[in-house]
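Here the structure is a predicted model, which means the values were calculated and not measured.
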Amino acid sequence: MARFRPNLVIDTGDARGFVENDWVGRTLAIGDEVQLCVTFPCPRCVMTTLAQDDLPADPDVLRAAARHNTQWFALLARSMPVVGAYATVVRGGTLRLGDRVRLLGRTPVRRASAVLHAVKRAVRRG
């Protein structure tokens, strides 16, 4: 986890694989207050392979991600290894260790569209 620096780690129980891929476009409810819109998969780059704190450099980290979970990014016109997902806050609040996480329905198109436009602007600037 240290290589990927997640803001949240969700225990998915017995589910296996990259379950977050199926969360894109849906809302996660966490605890009694927080709701997050899962916006798009998190593409990974060479930074995950570099030495960090007590972790040595490891080029196999990115190779493993590429072997098991690569997705096409139309805005970038390329496939990239993916681990995790980005999300935007629909409703803020306090998160607590052990909060129950529920997968809700589809996110309104208006919110998903706003995220898409923000990504396009970021790609043009970058």
Side-chain angles (χ1 to χ4, degrees):
M1 281 192 273
R3 290 189 187 280
F4 296 102
R5 296 195 197 120
N7 290 330
L8 294 172
V9 176
I10 298 171
D11 182 349
T12 59
D14 294 335
R16 295 288 174 242
F18 296 88
V19 297
E20 67 272 20
N21 292 345
D22 296 329
W23 298 351
V24 174
R26 304 209 34 209
T27 299
L28 286 177
I30 306 173
D32 296 328
E33 303 173 23
V34 176
Q35 289 188 2
L36 304 175
C37 166
V38 182
T39 53
F40 53 94
C42 186
R44 297 303 180 154
C45 67
V46 72
M47 293 300 292
T48 59
T49 69
L50 303 178
Q52 300 177 34
D53 294 324
D54 294 337
L55 298 173
D58 185 356
D60 288 333
V61 170
L62 192 57
R63 288 183 190 129
R67 191 169 43 254
H68 296 288
N69 196 31
T70 297
Q71 294 191 24
W72 175 256
F73 286 83
L75 289 172
L76 303 175
R78 62 187 274 200
S79 292
M80 295 186 73
V82 172
V83 177
Y86 287 106
T88 60
V89 176
V90 174
R91 187 171 65 202
T94 301
L95 296 176
R96 293 172 186 83
L97 185 63
D99 272 350
R100 185 171 159 239
V101 178
R102 299 167 320 281
L103 188 61
L104 304 179
R106 291 272 165 215
T107 301
V109 175
R110 188 175 61 236
R111 179 173 289 281
S113 176
V115 170
L116 181 60
H117 289 295
V119 171
K120 285 181 182 178
R121 283 191 307 271
V123 169
R124 279 189 218 125
R125 275 188 243 136

TODO: Spell out, as yes or no, whether a donor-acceptor pair under 3.5 Å connects the side chain of Arg3 to the backbone of Leu50.
DONE: yes
Answer with yes or no whether the hydrophobic clustering places Val38 together with Leu95; edges join I, L, V, M, F, W, Y residues whose side-chain heavy atoms lie under 4.5 Å apart.
yes
Val9 and Met1 have their tightest heavy-atom pair at CG2-SD, 3.2 Å
Correct closest heavy-atom pair for Thr88 and Thr39 would be CG2-CG2, 3.7 Å
Under the criterion side-chain contact (heavy atoms from CB on, under 4.5 Å), I'd like the reasoning laid out for Asp99 against Val34: C-alpha separation, chi angles, the key distance, then a yes or no. CA-CA 10 Å; Asp99 272 350; Val34 176; over 6 Å; no
Note: Pro41 and Gln71 closest approach over all heavy atoms is CG-OE1, 3.2 Å
Same cluster or not: Trp23 versus Trp72, using hydrophobic residues (I, L, V, M, F, W, Y) connected whenever any side-chain heavy atoms lie under 4.5 Å apart? no
Of all heavy-atom pairs linking Arg106 and Val24, the shortest is NH1-O, 3.0 Å
Rounded to the nearest 0.5 angstrom, the CG-CG distance for Asn69 and Asn21 is 4.5 Å
When rounded to the nearest 0.5 Å, the distance separating CZ of Arg44 from CG of Leu62 is 10.0 Å
Taking every heavy atom of Asp32 against every heavy atom of Arg91, the minimum-distance pair comes out as O-NH2, 4.1 Å
#### Entry: Gln52 side chain vs Met47 backbone, donor-acceptor pair below 3.5 Å
yes
Leu36 and Val90 have their tightest heavy-atom pair at C-CG2, 4.1 Å
Show me the donor-acceptor pairs, under 3.5 Å and distance only, between side chains in residues 75-86 and residues at least two apart or in other chains.
none

Quick check: does any side chain N or O of Asp58 sit under 3.5 Å from a backbone N or O of Asp60, one acting as donor and the other as acceptor?
yes
Given the rule that I, L, V, M, F, W and Y join up when any side-chain heavy atoms are under 4.5 Å apart, are Leu103 and Val19 in one cluster? yes
When rounded to the nearest 0.5 Å, the distance separating CD of Glu20 from CZ of Arg26 is 14.0 Å
The reported gap from CZ in Arg100 to CD1 in Ile10 (rounded to nearest 0.5 angstrom) is 13.0 Å
